[in-house]
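In what follows, a structure is listed as structure tokens, so that the remarks can point back to it.
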Amino acid sequence: MNSLFAFLKKEFLEQIRTGKLLIFVIIFCLFGIMSPAIAKLTPWMMEMMSEDLAESGFVVNHVDIDAMTSWTQYYKNMPIALIILLVMSGGILTAELQKGTLINVITKGLNRWKVIFSKTSAMCIVWTAGSLLSYGITYGYNAYFWDNGIAEHVFFAAFCFYLLGLWLITVIPFASAFLNGASAVILLAGGEFLAAYLLSLLPAVREYSPAYLMGSLNLLTGISAAGDYVPAVIVTVALMAVNMAGAVVLFNRRNI
């Protein structure tokens with residue numbers, strides 16, 4: 001286990017050295033602040049635009065802003081943060097394979113599964129810390145300006161989207177185990193999500209699709225119940241396990 005933790009430490013040192021970790025911190029802080037900020041500024045922006053809208057035939061009435069407005073903005077923004085994380089992490093394994101830097105550590109006895117798990121763990125830790133950071137900022141500002149009590153299942157809704165991110169993260173090591181470039185890895189991750197999204201459009205199976213977790217905003221408004229998302233959570237966890245198992249098997253068979 002010492003070699004696993006040592007390789008994980010090496011991953012974080014690499015992220016610090018390249019500045020990626022700082023970029024991630026800034027991005028998640030920014031997305032956490034944006035949601036309540038946009039909600040707070042919406043009445044002012046609508047007032048500024050009221051004259052131009054009136055000339056176009058639109059009448060702007062009083063705009064009511066509450067915590068739900070901010071949470072709605074939050075769930076619109078966070079997919080962008082997840083995409084940025086996936087794009088910046090898409091080459092976490094393939095880049096080292098191309099450079100040949102993994103040859104030395106593997107020939108010295110480091111098990112290949114430890115390479116997979118350390119790199120996946122690094123991405124998961126960043127996603128976990130980033131999600132907590134952005135969620136905590138939004139939750140704090142919402143509590144200060146309004147009242148989070150207006151939203152239902154606030155924490156479970158956040159968990160659903162967080163789990164969606166974990167699933168997409170596990171696609172990266174799986175794809176990296178047999179693909180050669182970061183672009184191909186990202187495309188496969190996007191393709192897997194697209195397939196899940198298309199399945200979520202089918203009424204018969206939509207509650208079993210990981211993409212169904214993107215609709216966790218409906219939990220806040222009370223449109224959906226927490227139990228509605230349990231099948232999607234179970235399937236998503238199962239797919240994560242399949243991705244990790246497949247990554248280990250394929251990477252063990254790969255010629256480096």
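Residues: numbered from 1 along the sequence shown.
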(request) Just do the side chain to side chain contact (heavy atoms under 4.5 Å, CB included) check on Leu163 and Met240 with the steps written out, would you? (result) CA-CA 10 Å; Leu163 188 64; Met240 288 167 56; 3.8 Å; yes

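- For Lys76, there are no salt bridge (charged side-chain N to carboxylate O under 4.0 Å, His left out) partners, not counting sequence neighbours.
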Below 3.5 Å, can you tabulate the donor-acceptor pairs from side chains in residues 171-181 to any protein atom, sequence neighbours excluded?
unit_1	atom_1	unit_2	atom_2	d
Ser176	OG	Ile172	O	2.6
Asn180	OD1	Arg254	NH2	2.5

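- Heavy atoms only, all atoms of each residue included: Ala67 and Ile150 are closest at CB-CG2, 3.9 Å.
- Summarising the geometry, atom CD1 belonging to Ile27 is positioned 12.5 Å from atom CG belonging to Asn77; distances are rounded to the nearest 0.5 Å.
- By the 4.5 Å heavy-atom criterion applied to side chains, Leu194 and Leu198 are counted as neighbours.
- Within the 4.5 Å cutoff, no side-chain heavy atoms of Glu96 are placed close to those of Val115.
- Nearest approach of Asn142 to Pro36, heavy atoms of both residues: OD1-CB, 3.8 Å.
- By the rule that hydrophobic residues join a cluster once side-chain heavy atoms approach within less than 4.5 Å of another member, Ile125 and Ile26 end up as members of separate clusters.
- Here the straight-line distance linking atom CZ of Phe193 with atom OH of Tyr197 works out to 8.0 Å at 0.5 Å rounding.
- Centroid-to-centroid, the aromatic rings of Tyr139 and Tyr74 stay 6.0 Å apart or farther.
- Between Trp71 and Tyr75, the two ring planes are tilted [angle within 30° to 60°].
- Atom CD1 of Ile16 is separated from atom CD of Glu11 by 12.0 Å, given to the nearest 0.5 angstrom.
- Contact check for Ile65 versus Lys40: no side-chain heavy atoms found under the 4.5 Å cut-off.
- Note: the hydrophobic cluster containing Val230 does not contain Phe159 (ILVMFWY, side chain heavy atoms under 4.5 Å, direct or indirect links).
- Using a 4.5 Å cut-off between side-chain heavy atoms of Ile, Leu, Val, Met, Phe, Trp and Tyr, with links allowed through other members, Phe155 and Leu219 fall into the same hydrophobic cluster.
- Between atom OG1 of residue Thr221 and atom CD of residue Glu152 there is a gap of 8.0 Å, rounded to the nearest 0.5 Å.
- Hydrophobic clustering places Ile23 together with Met123 (ILVMFWY residues linked when any side-chain heavy atoms are closer than 4.5 Å, directly or through intermediates).
- In this structure, the separation between NZ on Lys10 and NZ on Lys119 is 4.5 Å, given to the nearest 0.5 Å.
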(request) Carefully, step by step, assess Leu202 and Tyr208 under the rule side chain to side chain contact (heavy atoms under 4.5 Å, CB included). (result) CA-CA 10 Å; Leu202 303 176; Tyr208 298 91; over 6 Å; no

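- Residues Ile169 and Cys124 approach most closely at CG2-SG, 3.9 Å, considering heavy atoms.
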Please tabulate, for the side chains in residues 209-217, all donor-acceptor contacts under 3.5 angstrom to protein atoms that are two or more places apart in sequence or on a different chain.
unit_1	atom_1	unit_2	atom_2	d
Ser209	OG	Ala196	O	2.5
Ser209	OG	Ala211	N	3.2
Ser216	OG	Ala157	O	3.2
Ser216	OG	Leu213	O	3.3

(request) Kindly indicate, with the supporting measurements, whether the criterion side chain to side chain contact (heavy atoms under 4.5 Å, CB included) is fulfilled by Trp146 and Ser70. (result) CA-CA 10 Å; Trp146 306 289; Ser70 178; 3.8 Å; yes

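- Applying the side chain to side chain donor-acceptor pair (under 3.5 Å) rule to Thr128 yields the partners Tyr162; only residues at least two apart in sequence or on another chain are considered.
- Under the side chain to side chain donor-acceptor pair (under 3.5 Å) criterion, Glu14 pairs with Arg17, sequence neighbours left out.
- Here the OH atom belonging to Tyr141 is positioned 12.0 Å from the OG atom belonging to Ser35, to the nearest 0.5 angstrom.
- Summarising the geometry of Gln15 relative to Val126, their closest heavy-atom pair is OE1-CG2, 3.6 Å, with the distance given to 0.1 Å.
- The side chain to side chain donor-acceptor pair (under 3.5 Å) search around Trp167 returns Glu192, not counting sequence neighbours.
- Under the 4.5 Å side-chain heavy-atom criterion for ILVMFWY residues, no single connected hydrophobic cluster contains both Phe24 and Ile186.
- A donor-acceptor pair under 3.5 Å is absent between the side-chain atoms of Asn243 and the main chain of Gly246, judged by distance alone.
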(request) Would you check, one step at a time, whether the test side chain to side chain contact (heavy atoms under 4.5 Å, CB included) holds for Phe161 with Leu164? (result) CA-CA 5 Å; Phe161 186 79; Leu164 174 70; 4.1 Å; yes

Identify all side-chain donor-acceptor contacts of residues 78-93 below 3.5 Å with residues at least two apart in sequence or on another chain.
unit_1	atom_1	unit_2	atom_2	d
Ser89	OG	Leu85	O	2.9

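- With sequence neighbours excluded, the residues satisfying side chain to side chain contact (heavy atoms under 4.5 Å, CB included) with Leu133 are Val25, Phe28, Cys29, Ile137.
- In plain terms, the two heavy atoms of Arg206 and Ser200 that are nearest each other are CB-O, 2.9 Å.
- Within the structure, the side chain to side chain donor-acceptor pair (under 3.5 Å) test picks out no pair touching residues 227-242 (sequence neighbours left out).
- Alongside Val249, the hydrophobic cluster contains no other residue (criterion: ILVMFWY side chains under 4.5 Å).
- Partners of Thr120 by side chain to side chain donor-acceptor pair (under 3.5 Å), not counting sequence neighbours: none found.
- In this view, Asn111 and Trp113, Lys114 satisfy the side chain to side chain contact (heavy atoms under 4.5 Å, CB included) rule, not counting sequence neighbours.
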